[in-house]
Amino acid sequence: MASFFLNITCPNRACLAAGNSAQLLGKHVIAGVSPRTVFTPGRRPQSTQSSLVTKSSWTHPVYTTSQLHSIQTAHRNAKDWSDRMALGTVRFLRWGMDLVTGYHHSHPRDAHSPRFRMTEEKWITRFIFLESVAGVPGMVAAMLRHLKSLRRMRRDYGWIETLLEEAYNERMHLLTFLKLSQPGPAMYFMVLAAQCVFFTGFSLAYLISPRICHRFVGYLEEEAVITYTKAIQELDKGNLPLWSNMEAPAMAIKYWQMPEGQRSIRSLLLCVRADEANHRDVNHTLGNLNQDSDPNPFSAKFRNALKEAS
């Protein structure tokens, strides 16, 4: 089922998400020729010029080697009751996620008992569950801010764009890991249950206090960086032999624009960790801002305005 949805959504993602008719007409469509889409019942719509769509509107930036290796685990100390509540909630969810995914990395018996050793299967199970949860906050926050902008008939100052891009990035993490392993029925059920509970809870919490929610996501991404850092360390120690010489999925190579010679599973984990570190810093920054009036400093329009002003 996952591969079915993957096949019908990803190839035309750029066409559906571009949203800029001038860009489509100027770059992706041959002048004077109108694309013609053929619809066949029970099949995916196919365009006679689908090959002309070359990239997504959210093209991922290319990480340099120094950027990938400079990522470090970091923690923002809780400064008030709201920070402590966000941090406490993340730690509770971390305990639950460890229990569900069989994560025992810090257990002293790891090195001596196969029962507690983190195998490739256990790591990929953890990644899939983590990314299925991490893809929710950005979409929920963007949806609620979008509705708020419509309701108040005022600008959002660039927040929606960044939040949607974050949700899309987390979903790409999930789809990439699904290329390495397909979860069983139990995992599908757990993801469904977690999404129902987390979507509802996060939506209500964001309506009450967006600032606490962004702080919560910042702490959640701190844990994600720790998880991927430990996985990379285990891979470097030779404890994950199945991944030592495995190439990253083609989807990952295309999305992160991996250069030749840097297309291993280790490179994939480095790229995902860099993404999570970026989400960590972005959400902690958004949590420091006035949620109603401050512009989003990570918005492309805001960055361009700063360049013009300077």
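When a residue number appears, it is its place in the shown sequence, counting from 1.
The CG atom of L178 sits 5.0 Å away from atom CD1 of I128, with the distance rounded to the nearest 0.5 Å. Rounded to the nearest 0.5 angstrom, D281 CG and T285 OG1 are separated by 6.5 Å. Rounding to the nearest 0.5 Å places CH2 of W159 at 10.0 Å from CZ of F298. Atoms CE and OG, on M258 and S264 in that order, are 7.5 Å from each other to the nearest 0.5 Å. The OG1 atom of T162 sits 3.5 Å away from atom CG of N296, with the distance rounded to the nearest 0.5 Å. The line from CG of L207 to CZ of F202 is 10.5 Å long, rounded to the nearest 0.5 Å.
Around CG of D80, the count of heavy atoms belonging to other residues, nucleotides or ligands within 6.0 Å exceeds 12. Shown here is R91, whose CZ atom has no more than 12 heavy atoms of other residues, nucleotides or ligands within 6.0 Å. Around CD of E121, the count of heavy atoms belonging to other residues, nucleotides or ligands within 6.0 Å does not exceed 12.
The closest donor-acceptor contact from the side chain of S149 to the backbone of R154 lies under 3.5 Å. E234 places no side-chain N or O within 3.5 Å of a backbone atom of T119 that could act as its donor or acceptor partner. Within the 3.5 Å criterion, the main-chain N or O of K79 finds a donor-acceptor partner in the side chain of D83. Side-chain atoms of W256 never come within 3.5 Å of backbone atoms of R263 as a donor-acceptor pair (strictly under, hydrogens ignored). Distance alone, capped at 3.5 Å, places no donor-acceptor pair between the N290 side chain and the D294 backbone. At least one donor-acceptor pair under 3.5 Å links the side chain of Q257 to the backbone N or O of H60. Judged by distance alone, with hydrogens and angles left aside, the side-chain atoms of Q67 form a donor-acceptor pair with the main-chain N or O of T64 at under 3.5 Å. With hydrogens and angles disregarded, no donor-acceptor distance shorter than 3.5 Å links the side chain of E170 to the backbone of E131.
Between F127 and H173, the distance separating the two ring centers is not shorter than 6.0 angstrom.
For the residue pair D275 and Y63, a side-chain donor N or O sits within less than 3.5 Å of a side-chain acceptor on the partner. Side-chain atoms of N288 and R211 form no donor-acceptor pair, as typed in the model, at a separation below 3.5 Å.
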After noting the C-alpha distance and the side-chain angles of S267 and Q262, does the key distance pass the side-chain hydrogen bond (donor to acceptor under 3.5 Å, both in side chains) rule? CA-CA 6 Å; S267 297; Q262 299 181 28; 5.4 Å; no
Show the numbers, then the answer: is there a side chain to side chain contact (heavy atoms under 4.5 Å, CB included) between Y228 and L130? CA-CA 11 Å; Y228 287 110; L130 172 64; 4.0 Å; yes
Side chain to side chain contact (heavy atoms under 4.5 Å, CB included) evaluation trace for V217 with E166: CA-CA 11 Å; V217 177; E166 176 185 311; 4.0 Å; yes
Going through the distances and angles, do R215 and L87 end up as a side chain to side chain contact (heavy atoms under 4.5 Å, CB included)? CA-CA 8 Å; R215 185 73 68 224; L87 179 59; over 6 Å; no
Let me see the working for H146 and M143 under side chain to side chain contact (heavy atoms under 4.5 Å, CB included), right down to the final yes or no. CA-CA 5 Å; H146 171 76; M143 175 188 68; 5.6 Å; no
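Under a hydrophobic clustering in which Ile, Leu, Val, Met, Phe, Trp and Tyr are joined whenever their side-chain heavy atoms come within less than 4.5 Å, directly or via other members, F198 and F92 fall into the same cluster. No continuous path of ILVMFWY side-chain contacts below 4.5 Å connects L220 to I208, so the two sit in separate hydrophobic clusters. Placement of I71 and L269 in two distinct hydrophobic clusters is found when ILVMFWY residues are connected by side-chain heavy-atom separations under 4.5 Å, directly or transitively. At a threshold of 4.5 Å between side-chain heavy atoms, the hydrophobic network of Ile, Leu, Val, Met, Phe, Trp and Tyr places L68 and W243 in one connected group. Neither L204 nor L144 shares a network with the other; the hydrophobic side chains, linked directly or stepwise wherever heavy atoms of I, L, V, M, F, W or Y lie under 4.5 Å apart, form separate groups for each.
The shortest side-chain heavy-atom distance between V282 and N278 falls under the 4.5 Å cut-off. Residues S299 and Y157 form no side-chain contact, since every pair of their non-hydrogen atoms from C-beta on lies 4.5 Å or further apart. Contact check for L268 versus P249: side-chain heavy atoms found under the 4.5 Å cut-off. Between T227 and W123, some side-chain heavy-atom pair lies under the 4.5 Å cut-off. For the pair E165 and Y168, the minimum side-chain heavy-atom distance is 4.5 Å or more. Here the side chains of N169 and Y255 are in contact, with some heavy-atom distance below 4.5 Å.
Contact between G135 and A167 at its shortest, heavy atoms only, is O-CB, 3.9 Å. The two residues L289 and P295 come nearest to each other via the heavy atoms CD1-O, 3.9 Å. Listed here is the closest heavy atom pair of A252 and T176: CB-CG2, 3.7 Å. What you find for S209 and I212 is that their closest heavy atoms are OG-CG1, 3.1 Å. The shortest heavy-atom contact between L240 and A231 is CD1-O, 3.9 Å. Contact record, T229 with V225: OG1-O, 2.7 Å, taken as the closest heavy-atom pair.
Here K148 pairs with D292 in a salt bridge; the nearest charged N to carboxylate O distance falls below 4.0 Å.
The residue from K230, R94, R280 that alone fulfils the salt bridge (Lys or Arg N to Asp or Glu O under 4.0 Å) condition with E223 is R94. Looking at H214, E222, H279, R76 one by one, the single match for side-chain hydrogen bond (donor to acceptor under 3.5 Å, both in side chains) with H284 turns out to be E222.
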